[in-house]
Amino acid sequence: MILESHGDACRLGYLRLIACLLEDGSQRSFDFLASVLYDMLRNLEFYEPLTQKPTGLITRYVNARNYVTLAAEMGFIDRASQTIGEFGKIYLCLDSADKFRGFVEGRSIPSLNDIITLNDAEKFFFLWVLLNRDYPMIQHVLRWIIEKRSFTRQEAMNQIMEEFYPISLRKVLSTLNGRRREQIMREIEEAEGFRKRRLQMGDKISWIKSSQYAKYRHIAPPRLEWLVDCGILKRIGRGKYEIRENYLKSRTEILKLISLKPAKLDNHFFNEFVKLFSKSFSTANRYEILKTMIEVYERLRTLFGDEVNLSTLEYLTILVLMERGKFADLKMIHGSFNSLALKFPDKIYVIPGRKKNMNIAYINVEEIEV
DNA sequence: GATGTCGGCCGGGTATCCAG
DNA sequence: CTGGATACCCGGCCGACATC
């Protein structure tokens, strides 16, 4: 679960830049990343102003820093080593990373709009990351959204902070130890009294000025905004949200998806779930699948070395195909991989990985002719 | 001192309500 | 019904404080 969040950090798109900044594998302090990020962005608006400004734009060094923290929480940065994290690496294998890589390397200047909007594949990618990294908070929020369909920011804040926040904290408590655990235990105790204390507050003015409300603002609204970026919610007017039509239609499948723990959800996400949206893409043929898969393999190999997880390769192939307007489901991709492995048994093979249920894919790219 | 976390302040946009 | 006043609160900004 994402424990550190800040009201400033509402736009997921910025995380892509942070991944690019860490691509070479070197260690970078949070502070350094924040200042580079801030410097890169400071004059952007000048070139191509936005027609309407969303919340969460980076305008100061301090909020750039809040995004760096979010990147760590989202697994884009590995906190311990201050180098690129797993999800950051995976992101870098998408086609879209090229645009931001160009920006980071000073070859091109994107518009501010490019920086904050996500393409369809990226929307799925970030939703997948959220389901993994913000478990179980985001699952609670999603379930509630599906029931409510439309709601105000205000009621969502109360619901999230007074119901889901303490429940979720309790759930992650067992994964923590030492001082962190103590801290969270105190936090849970406090959170369980949130509603009571809010209702005790006489007038709304002092409520909004209260420290409790400030805390609400830092924890609840960013999650709603992340879901806006992922294309699940849309904002209607000030402080109001509504679920997008296509997500409402797939209600049962989504309820199934959010009932799964992170360890179980990946397969369901890239199998049953993304399939619901396949209509907006044309079907990929075997040649396209294999060509894309090998490209993705090469990218993964650069970042992960010899240990390319077969599942990651397959998931990413789905996403990159989407970026190219194509769709293939997991079965098709798996089948394509296997048929190629049969044809070139010495150049493509799978070996068991170190973790349970993990397989390492190996492809001798130079000698494969698709 | 550096780094990370918390939370208060307040400008200004927006919804709402009321008078005409 | 409509235009204007006003209460409300969103969201940006930044400083204080804690911890390493």
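Proteins come first, then strands; the chains are lettered A, B, ... in the order of their sequence lines, and each starts at number 1.
Here the two rings, on A:Phe277 and A:Phe281, have centers that are 6.0 Å apart or farther.
Checked against C:dG11, B:dG7, B:dG4, the side chain of A:His6 finds its nearest nucleotide in B:dG7. With B:dT5, C:dG11, C:dC10 as the candidates, the nucleotide lying closest to the side chain of A:Thr55 is C:dG11. With B:dG4, C:dC9, C:dG11 as the choices, the nucleotide that has an atom nearest any side-chain atom of A:Tyr213 turns out to be C:dC9.
B:dG8 atom P lies 11 Å from atom NZ of A:Lys215, rounded to whole Å. Between the CD1 atom of A:Ile77 and the C1' atom of B:dT3 there is a distance of 14 Å, rounded to whole Å. In this entry the distance linking OH of A:Tyr216 with P of B:dC6 reads 16 Å, nearest Å. Taking atom OH of A:Tyr67 as the reference point, atom C1' of C:dC13 lies 14 Å away to the nearest angstrom. Summarising the geometry, the separation between CG on A:Leu224 and P on C:dC10 is reported as 11 Å, rounded to the nearest angstrom. Taking atom CG of A:Asp8 as the reference point, atom P of C:dG15 lies 14 Å away to the nearest angstrom. We find that CD1 of A:Ile219 is positioned 8 Å from P of B:dC6, with the value rounded to whole Å. The CZ atom of A:Arg217 sits 15 Å away from the P atom of C:dC14 (whole-angstrom rounding).
Ion pairing between a basic and an acidic side chain is recognised when a charged N comes within 4.0 Å of a carboxylate O; A:Arg354 and A:Glu307 show such pairing. Salt-bridge check for A:Lys148 with A:Glu155: passed, with a basic side-chain N closer than 4.0 Å to an acidic carboxylate O.
Remark: the A:Ser168 side chain and the A:Tyr135 side chain contain no N/O donor-acceptor pair separated by less than 3.5 Å. Side-chain contact, A:Tyr241 with A:Glu225: a donor N or O sits under 3.5 Å from an acceptor N or O.
Residue A:Arg235 places at least one side-chain N or O closer than 4.0 Å to OP1 or OP2 of C:dG11. Contact between the side-chain N/O atoms of A:Gln154 and the OP1/OP2 oxygens of C:dC10 is found at a separation under 4.0 Å.
When each of A:Arg65 and A:Arg153 is assigned the nucleotide of DNA chain C bearing its nearest heavy atom, the one mapping closer to the 5' terminus is A:Arg153. If A:Asn66 and A:Tyr241 are placed on DNA chain C by their nearest nucleotide, the residue sitting closer to the 5' end is A:Tyr241.
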